[in-house]
Peer 1: 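Before I ask anything, let me first share the structure, which is written out below as structure tokens.
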Protein chains: 2
Amino acid sequence: MSFQSKNEIARALREHRIQPTSQRVEIAHVLFERGMEAGADHHMSADEVLERVNADYHRVSKATVYNTLRLFEETGLIRAVVVSSSKVFFDANTEPHHHLYDESTGTLQDIPAEDIDTAQLFHKLPEGVSGNDLDIVVRVRGQATSAG
Amino acid sequence: MSFQSKNEIARALREHRIQPTSQRVEIAHVLFERGMEAGADHHMSADEVLERVNADYHRVSKATVYNTLRLFEETGLIRAVVVSSSKVFFDANTEPHHHLYDESTGTLQDIPAEDIDTAQLFHKLPEGVSGNDLDIVVRVRGQATSAG
DNA sequence: TTCTTTGCAAAAGATTTGCAAATAC
DNA sequence: GTATTTGCAAATCTTTTGCAAAGAA
């Protein structure tokens with residue numbers, strides 16, 4: 001998904017049965033204004049969203065940002081990517097894809113769905129689950145200071 | 001790793017350059033007493049560890065449990081598995097393997113390393129990173145209430 | 001008007017930290 | 001005897017919640 005105008009955003013929200021209030025539109029605008037192309041940085045924490053949405057003047061409160069992000073996630077408009085216990089990224093790209101998280105740099109990047117083969121995995125998935133229901137986070141560990 | 005006696009545990013801690021105090025040995029004992037076989041439930045939250053270590057009488061404080069788990073993780077004795085923003089599991093099995101997390105049930109299970117093929121992925125890893133430095137969490141999404 | 005949403009500040013839950021007392025080597 | 005570790009309670013950080021005011025249909 002990639003929206004430019006607030007109108008498009010409002011329409012998209014309605015399609016997800018979300019009443020497009022001005023706060024919600026502003027938040028969605030922040031989420032979707034960065035391109036969704038591979039390599040584009042469209043991963044934001046709640047705090048980043050809060051900061052960006054209020055960058056020039058106060059538009060939305062913290063509670064509303066959190067609640068709205070949760071609402072967007074629950075309705076499938078965006079996805080939450082959990083990379084560490086205190087780091088949740090929100091991803092406006094809901095096309096099937098996965099994530100690569102580099103612990104040492106804190107960087108999150110997309111992985112095309114086809115770059116990871118999970119064929120061997122399917123027999124242990126709950127029934128009815130398809131590949132598109134999988135969210136994979138590949139974490140690159142920093143050096144593990146393992147004793148030698 | 002799989003230890004039975006406190007002596008074995010103390011030795012293992014020393015090998016990781018961790019001074020084996022009684023609290024640390026008790027915590028390690030809790031972590032390692034469950035078998036490491038596939039299917040065995042050896043994933044515990046900090047709180048579970050705290051509960052189990054103090055099950056019959058008070059042995060270790062909460063702060064010490066948290067600090068010790070972090071210490072164990074930093075020295076590579078155990079691994080932390082992040083499955084959601086408020087759910088970190090500790091895994092006493094440090095052999096290369098991955099994890100499958102079922103959102104709807106909250107269940108975490110092991111995935112043998114060879115069940116996921118990441119060959120396509122290697123060109124986007126930082127240099128010097130090998131397959132053993134990857135921790136993969138496959139999250140099975142509940143139904144995403146996606147709008148139709 | 002009636003239902004929904006927002007905002008604030010307080011609450012909650014998980015983890016960490018400061019510092020004095022206890023323990024280890 | 002000196003350095004390390006523990007425990008408590010307070011602090012911190014992120015996210016959620018209660019409730020009155022503001023906004024939408």
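What you see below is based on every heavy atom in this structure, not just the backbone, and it leaves out hydrogens, waters and symmetry mates. Residue numbers start from 1 in every chain, and the chains themselves are labelled A, B, ... in the order their sequence lines are given, proteins ahead of strands.
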Peer 1: Let me know which of B/Arg52, B/Glu51, B/Arg59 forms a side chain to side chain contact (heavy atoms under 4.5 Å, CB included) with B/Val30.
Peer 2: B/Arg52
Peer 1: Please report the interatomic distance CZ(A/Phe72) to CG(A/Leu13), rounded to the nearest 0.5 Å.
Peer 2: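 Answer for the CZ-CG pair, A/Phe72 versus A/Leu13, is 5.0 Å.
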Peer 1: Where the side chain of A/Arg70 is defined as all heavy atoms beyond and including C-beta, which of D/dT16, C/dC25, C/dA14 is the nearest nucleotide?
Peer 2: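 Out of D/dT16, C/dC25, C/dA14, the nucleotide with an atom closest to A/Arg70's side chain is D/dT16.
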Peer 1: With the side chain counted from C-beta on, respond yes when A/Ile111 and B/Leu121 share a heavy-atom pair under 4.5 Å apart, and no when they do not.
Peer 2: yes
Peer 1: What's the angle between the local helix axes at either end of the helix from C/dT1-D/dA25 to C/dC25-D/dG1, using five pairs per end and rounding to 10 degrees?
Peer 2: 30°
Peer 1: Taking only residues two or more places apart in sequence, or in another chain, which ones meet B/Arg139 in a side chain to side chain donor-acceptor pair (under 3.5 Å)?
Peer 2: none
Peer 1: Please list each protein N or O that sits under 3.5 Å from an N or O in nucleotides 1-12 of chain D, with the distance.
Peer 2:
| residue | atom | partner | partner atom | Å |
| --- | --- | --- | --- | --- |
| D/dT5 | OP1 | B/Arg24 | NH1 | 2.9 |
| D/dT5 | OP1 | B/Arg24 | NH2 | 3.4 |
| D/dT6 | OP1 | B/Thr21 | OG1 | 2.5 |
| D/dT6 | O3' | B/Gln23 | NE2 | 2.9 |
| D/dG7 | OP1 | B/Gln23 | NE2 | 3.4 |
| D/dG7 | OP1 | B/Arg59 | O | 3.2 |
| D/dG7 | OP2 | B/Ser61 | N | 3.0 |
| D/dG7 | OP2 | B/Ser61 | OG | 3.3 |
| D/dG7 | OP2 | B/Thr64 | OG1 | 2.8 |

Peer 1: Could you say whether B/Lys87 or B/Pro20 is positioned toward the 5' end of DNA chain C, judged by the nucleotide with the nearest heavy atom to each?
Peer 2: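 Checking each residue's closest nucleotide, the 5'-ward one belongs to B/Lys87.
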Peer 1: In this structure, how many angstroms lie between the C1' atom of D/dC13 and the CG atom of A/Leu50, rounded?
Peer 2: 14 Å
Peer 1: Roughly how many Å is it from CD in B/Glu48 to C1' in C/dT15, rounded to a whole number?
Peer 2: 17 Å
Peer 1: Could you state the CZ-C1' distance from A/Phe72 to C/dT5, rounded to the nearest angstrom?
Peer 2: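 Those two atoms, CZ and C1', are 13 Å apart.
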Peer 1: Looking at B/Leu71, B/Ile27, B/Leu31, B/Asn93, which hits side chain to side chain contact (heavy atoms under 4.5 Å, CB included) with B/Ile78?
Peer 2: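 When side chain to side chain contact (heavy atoms under 4.5 Å, CB included) is applied between B/Ile78 and each of B/Leu71, B/Ile27, B/Leu31, B/Asn93, only B/Leu31 qualifies.
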Peer 1: Show which residues join B/Tyr57 in its hydrophobic cluster (side-chain heavy-atom contacts under 4.5 Å, direct or indirect), or state none.
Peer 2: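 Traced through the cluster, B/Tyr57 reaches no other member.
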Peer 1: Give me each pair satisfying ring pair (Phe, Tyr, Trp, His ring centres under 6.0 Å) with a member in residues 92-122 of chain B, each pair once, sequence neighbours excluded.
Peer 2: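 Listed once each, the pairs are B/His43-B/His99, B/His97-B/His99.
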Peer 1: Pairs of donor and acceptor atoms involving the side chains of residues 123-130 of chain A, under 3.5 Å and at least two apart or interchain, shall be tabulated with distances.
Peer 2:
| residue | atom | partner | partner atom | Å |
| --- | --- | --- | --- | --- |
| A/His123 | ND1 | A/Gln120 | O | 3.1 |
| A/Lys124 | NZ | B/Asp110 | O | 3.2 |
| A/Ser130 | OG | A/Asn132 | N | 3.2 |

Peer 1: Could you tell me the separation between the CG atom of A/Leu69 and the P atom of D/dT17, rounded to a whole number of Å?
Peer 2: 15 Å
Peer 1: Once you round it to whole Å, what is the distance between C1' of C/dT4 and CG of A/Leu13?
Peer 2: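 Answer to the nearest Å: 15 Å.
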Peer 1: In whole Å, I'd like the distance from the CD atom of B/Glu26 to the P atom of C/dT23.
Peer 2: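 Going from CD in B/Glu26 over to P in C/dT23 covers 15 Å.
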